[in-house]
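What you are looking at is a predicted structure, and each value in this text was computed from that prediction instead of being measured. Reminder, nothing fancy here: chain letters follow the sequence lines and each chain counts from 1. Below, each value reflects all heavy atoms present in this structure, side chains not excepted, and no hydrogens, waters or symmetry copies.
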Protein chains: 2
Amino acid sequence: MSEIIELLKTRKLKATPQRLAILEFLNGKTHPTIEEIYEAIKKGFPSISLATIYKNINTLKEMGVVTELNPGGKAKYDINITPHFHGVCQNCGKIVDYFDSAAMEKCKDTLSEAVGEDIKGLNITIDIVCSDCSK
Amino acid sequence: MSEIIELLKTRKLKATPQRLAILEFLNGKTHPTIEEIYEAIKKGFPSISLATIYKNINTLKEMGVVTELNPGGKAKYDINITPHFHGVCQNCGKIVDYFDSAAMEKCKDTLSEAVGEDIKGLNITIDIVCSDCSK
DNA sequence: CTATTTGCAAACCCTTTGCAAAAAT
DNA sequence: ATTTTTGCAAAGGGTTTGCAAATAG
């Protein structure tokens, strides 16, 4: 987290309590929607507005601190820096992280060879039924 | 295409000229947005409404004939039945298809092993700079 | 003839914008 | 003191809905 505050400083962005609360909440790695962030932050800052969430998320996207995922057209936000891939539960829509970077590299190699082109980045999403839903 | 008309029949959906035109246009495999579909169909059906495009795309999604892609939060539609993966141009946003199913299988195996779970489906997107943009 | 579909307009999201007051550096 | 950020309300853009008229089966 503190490295993110450093990042804020170098970009001349102010470390407001609202912004820090959003970052802290995102760090919980729950891939929340805007609405979910809003509801969560409102507990500590009852007067916060949705516009503030949107503005912060947009600046964080521009900074590269946050990634937007759009499974099924619904925007969800991910603060992960570590390379990973996602599982989307076909039943409840939840996103699950998988951190096997060796597997990702292997896929990247396979795909590079297949397309014969330089791959700038790789997004892998697998359709799953999450452990909660398969009960 | 004719197998799709069969599919319409079995689902008791009517083969209206507008619907057929949309299917034919999607078959061009250009991953259009709703607006692009609308503009294209309007050439043949000047009085068609956007709502008709939306309604048709939604029923086609439910039928599984069409897949919705959301690169960067923009909905685009894909009629492909053949397994394939996508490249998204980081410069112009265009989607490129790659039909190497052997590579996809290989990735699927790699990932199955990594997650130790049953994978229902696999979505692979690679970030690229397309041939037009790299000129 | 009956059920679906179309096209229009209104309604409904979700997201962005403009601006004055508040807060951070 | 300067510049950014907040919070509000209004505006904007994309998508869905309700309904009467038209059309497919």
**Report entry** Phosphate OP1/OP2 of D:dT16: any B:Asn58 side-chain N/O under 4.0 Å
**Finding:** yes
Report summary line: From CG of A:Leu13 across to C1' of C:dA24 the rounded distance in Å is 12 Å
Report task. Select base, sugar-phosphate, or nothing to describe what B:Thr16 touches, counting heavy atoms under 4.0 Å on all strands. Result -> sugar-phosphate
Report summary line: Of A:Leu26, A:Ile79, A:Asn27, the one forming a side-chain contact (heavy atoms from CB on, under 4.5 Å) with A:Ile4 is A:Ile79
Query raised in the report: Using 4.0 Å as the upper bound for N to carboxylate O, is an ion pair formed by B:Asp118 and B:Lys120?
Result: yes
Query raised in the report: What is the nucleic acid contact for B:Ser47, judged by heavy atoms within less than 4.0 Å: base, sugar-phosphate only, or nothing?
Result: sugar-phosphate
Report task. Return the nearest nucleotide to the side chain of B:Ser49; candidates are D:dT16, C:dC8, C:dT15. Result -> C:dC8
Report task. Using a strict cut-off of less than 4.0 Å between a Lys/Arg side-chain nitrogen and an Asp/Glu carboxylate oxygen, indicate whether A:Glu105 and A:Lys108 qualify as a salt bridge. Result -> no
Requested in this report: Would you jot down, in residue-number order, the residues of residues 59-73 of chain A having a non-hydrogen atom under 4.0 Å from DNA chain D?
Outcome: none
Requested in this report: Name the nucleic acid region contacted by B:Pro17, choosing base, sugar-phosphate or nothing; use a 4.0 angstrom heavy-atom cut-off, strictly under.
Outcome: sugar-phosphate
**Report entry** the helix from C:dC1-D:dG25 to C:dT25-D:dA1: angle between end helix axes, five pairs per end, rounded to 10 degrees
**Finding:** 40°
Query raised in the report: Do the non-hydrogen side-chain atoms of A:Phe45 and A:Thr52 ever get within less than 4.5 Å of each other?
Result: no
Report task. Please state whether the phosphate of D:dT5, meaning OP1 or OP2, lies under 4.0 angstrom from any side-chain nitrogen or oxygen of A:Asn56. Result -> no
Query raised in the report: Rounded to the Å, how far apart are B:Phe45 CZ and C:dC8 P?
Result: 14 Å
Query raised in the report: With sugar-phosphate meaning primed atoms plus P, OP1 and OP2, does A:Gln18 contact a base, only sugar-phosphate, or nothing at under 4.0 Å between heavy atoms?
Result: sugar-phosphate
Query raised in the report: Do A:Lys14 and C:dA23 share a donor-acceptor pair, side chain to base, under 3.5 Å?
Result: no
Query raised in the report: A:His84 pairs by side-chain contact (heavy atoms from CB on, under 4.5 Å) with which of A:Val96, A:Asp97, A:Ile124?
Result: A:Asp97
**Report entry** Minimum-distance nucleotide to A:Thr52 side chain [options: D:dT6, C:dT6, D:dT5]
**Finding:** D:dT6
Report task. Using salt bridge (charged side-chain N to carboxylate O under 4.0 Å, His left out) as the criterion, point out the one residue from B:Lys74, B:Lys76, B:Lys61 that pairs with B:Glu68. Result -> B:Lys61
Query raised in the report: According to a 4.5 Å side-chain heavy-atom criterion applied to Ile, Leu, Val, Met, Phe, Trp and Tyr, with indirect links allowed, do A:Ile22 and A:Leu50 form part of one hydrophobic cluster?
Result: yes
Requested in this report: Measure from the side chain of A:Tyr54, starting at C-beta and using heavy atoms only, and say which of D:dC8, C:dC14, C:dT4 lies closest.
Outcome: C:dC14
Query raised in the report: Can you find an N or O donor on one side and an acceptor on the other, under 3.5 Å apart, linking the side chain of A:Lys55 with the base of D:dG7?
Result: yes
